[in-house]
Amino acid sequence: MTIFHPIAEKDVTRAIVSSFLRQLEDYTESDVIIVGGGPSGLMAGKELGIKGVKVLIVERNNYLGGGFWIGGYFMNKLTIRAPAQQVLEELGVPYEKASEGLYTADAPHACASLIASACDVGVKFLSLTLLEDVILREDNRMAGVVVNWSPIAHLPREIAALDPVPLESKVVIDATGHDASVVKKLEQRGLIKTKGEGALWIAGSEDAVVEHTGEVYPGLVVCGMAVATIYGLPRMGPTFGGMLLSGKRAAEVVAQILQKVAA
Ligand code: 48H
């Protein structure tokens with residue numbers, strides 16, 4: 001008995017190649033490119049997608065989610081401080097009260113739901129794609145990013161002397177976590193100075209990250225742990241409310257910038 005419709009191997013290859021290339025061609029120009037598909041980047045993407053903004057997330061790994069899959073240590077649980085459990089409610093992720101104002105959730109459930117919610121509002125992804133540089137025009141406004149396939153970075157120079165691919169956008173978000181990879185491209189050119197993240201201090205960390213989330217250079221908004229790296233703010237260990245609310249804040253800031261650009 002045959003269950004499945006008969007097809008040839010070339011049909012499978014053609015389906016993937018043509019679908020991918022159509023999308024890549026469309027996303028050579030986006031409203032917003034988010035570098036980094038961790039909790040802050042996914043959250044920013046989801047919020048912008050809800051507003052109808054055309055968003056591309058560039059992620060160097062072959063999986064999305066960054067540090068959100070694992071949560072704390074190797075234990076697949078994450079913590080969230082009030083009021084950020086509201087985000088879990090929005091995502092439909094169950095959570096438990098651990099103590100006053102502190103909640104736990106299953107990290108894979110929260111991560112999978114956040115990824116799905118970004119997909120649901122039309123966010124597109126380029127996985128296995130590494131940020132190599134940024135585009136700066138004569139007005140010194142960031143106008144997009146330059147990317148390459150991640151494996152290229154692990155090949156010897158003589159094999160991997162491949163020119164990277166420029167992708168344009170009106171705004172770029174650096175959501176690359178501790179690395180602050182986009183901001184570091186500006187620092188290399190003396191255009192910005194990072195302080196390096198501070199020591200762990202949970203009580204003081206998350207408000208500071210959300211508060212400092214914003215535009216750090218014309219056309220570049222920073223969210224998540226990258227904010228701590230720029231401003232020398234304390235880290236917060238495996239507690240993720242600050243990342244989610246920083247992503248939300250970044251989306252608000254970007255929406256304002258897009259309005260100005262359009263006017
Ligand atoms: C393409 C890149 C590049 C690059 C990095 O680390 P993340 O989970 O980042 P956040 O800021 O959304 O969340 C931070 C959180 O996971 C965390 O580490 C916390 C709360 N730590 C506290 C503490 O005390 O340690 O995700 C960043 C993503 C990852 O998926 C990277 O692979 C990706 O960005 N990325 N993608 N090109 N150059 N650099």
Side-chain angles (χ1 to χ4, degrees), residues 33-47 56-73 76-81 84 87 105 107-108 110-111 114-115 118 125-134 144-154 164-165 167 172-188 194 196-210 212-213 220-251:
I33 293 176
I34 300 175
V35 186
S40 67
L42 288 167
M43 191 71 206
K46 164 187 149 36
E47 294 291 304
L56 178 69
I57 296 187
V58 170
E59 169 54 54
R60 69 180 169 192
N61 290 334
N62 69 349
Y63 62 91
L64 299 164
F68 209 35
W69 282 116
I70 283 291
Y73 201 22
N76 279 158
K77 294 280 182 186
L78 54 84
T79 57
I80 297 250
R81 283 201 286 161
V87 176
C111 193
L114 184 55
I115 294 169
F125 301 93
L126 269 185
S127 299
L128 271 183
T129 303
L130 186 72
L131 173 95
E132 223 177 72
D133 211 338
V134 294
V145 298
V146 185
V147 299
N148 223 329
W149 279 279
S150 298
I152 299 293
H154 301 285
V165 175
L167 299 169
V172 175
I173 298 182
D174 187 342
T176 58
H178 303 264
D179 295 350
S181 306
V182 188
V183 168
K184 292 280 166 68
K185 296 295 165 194
L186 296 179
E187 188 165 39
Q188 283 164 12
T194 64
E197 71 190 12
L200 192 142
W201 176 38
I202 292 178
S205 58
E206 294 185 283
D207 282 308
V209 165
V210 177
H212 285 79
T213 297
L220 176 63
V221 170
V222 177
C223 65
M225 275 313 285
V227 177
T229 297
I230 297 173
Y231 294 105
L233 306 176
R235 50 194 298 200
M236 67 293 294
T239 181
F240 285 85
M243 299 299 105
L244 299 172
L245 297 193
S246 170
K248 271 199 182 213
R249 175 94 195 97

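Because the structure is a prediction, the values reported are computed rather than measured. Ligands are counted one by one from 1 in listed order, and the atoms in each one are counted from 1 as well.
- Ranked by closest heavy atom to atom 10 (P) of ligand 1, the top entry among G37, C223, S40 is S40.
- When heavy-atom distances to ligand 1 are checked against a 4.0 Å cut-off, S181 comes that close only through its side chain, counted from C-beta outward.
- Residue contacts with ligand 1 for M225 involve both N, CA, C or O and side-chain atoms from C-beta outward (heavy atoms, distance under 4.0 Å).
- When non-hydrogen atoms are compared, ligand 1 lies under 4.0 Å from the backbone of A175 (N, CA, C, O) but not from its side chain.
- Counting atoms of ligand 1 from 1 in the listed order, those under 4.0 Å from a heavy atom of G177 are 6 (O), 9 (O), 11 (O), 27 (C).
- The shortest heavy-atom contact between A175 and G41 is CB-CA, 3.5 Å.
- Residue contacts with ligand 1, taken as heavy atom pairs separated by less than 4.0 Å, involve M236 via backbone and side-chain atoms alike.
- Which parts of ligand 1 touch L130 is read off a 4.0 Å heavy-atom cut-off, strictly below it: atoms 4 (C), 37 (N), 38 (N).
- Counting the atoms of ligand 1 from 1 in the order shown, those under 4.0 Å from a heavy atom of G38 are 8 (O), 12 (O), 26 (O), 28 (C).
- Applying the 4.0 Å criterion to heavy atoms of H178 picks out, from ligand 1, the atoms 17 (C), 18 (O), 21 (N), 23 (C), 25 (O).
- Counting atoms of ligand 1 from 1 in the listed order, those under 4.0 Å from a heavy atom of F240 are 15 (C), 16 (O).
- Ligand 1 has no N or O atom lying under 3.5 Å from any N or O atom of T239, backbone or side chain.
- Minimum interatomic distance between L220 and I173 (heavy atoms only, all atoms of both residues): CD1-C, 4.4 Å.
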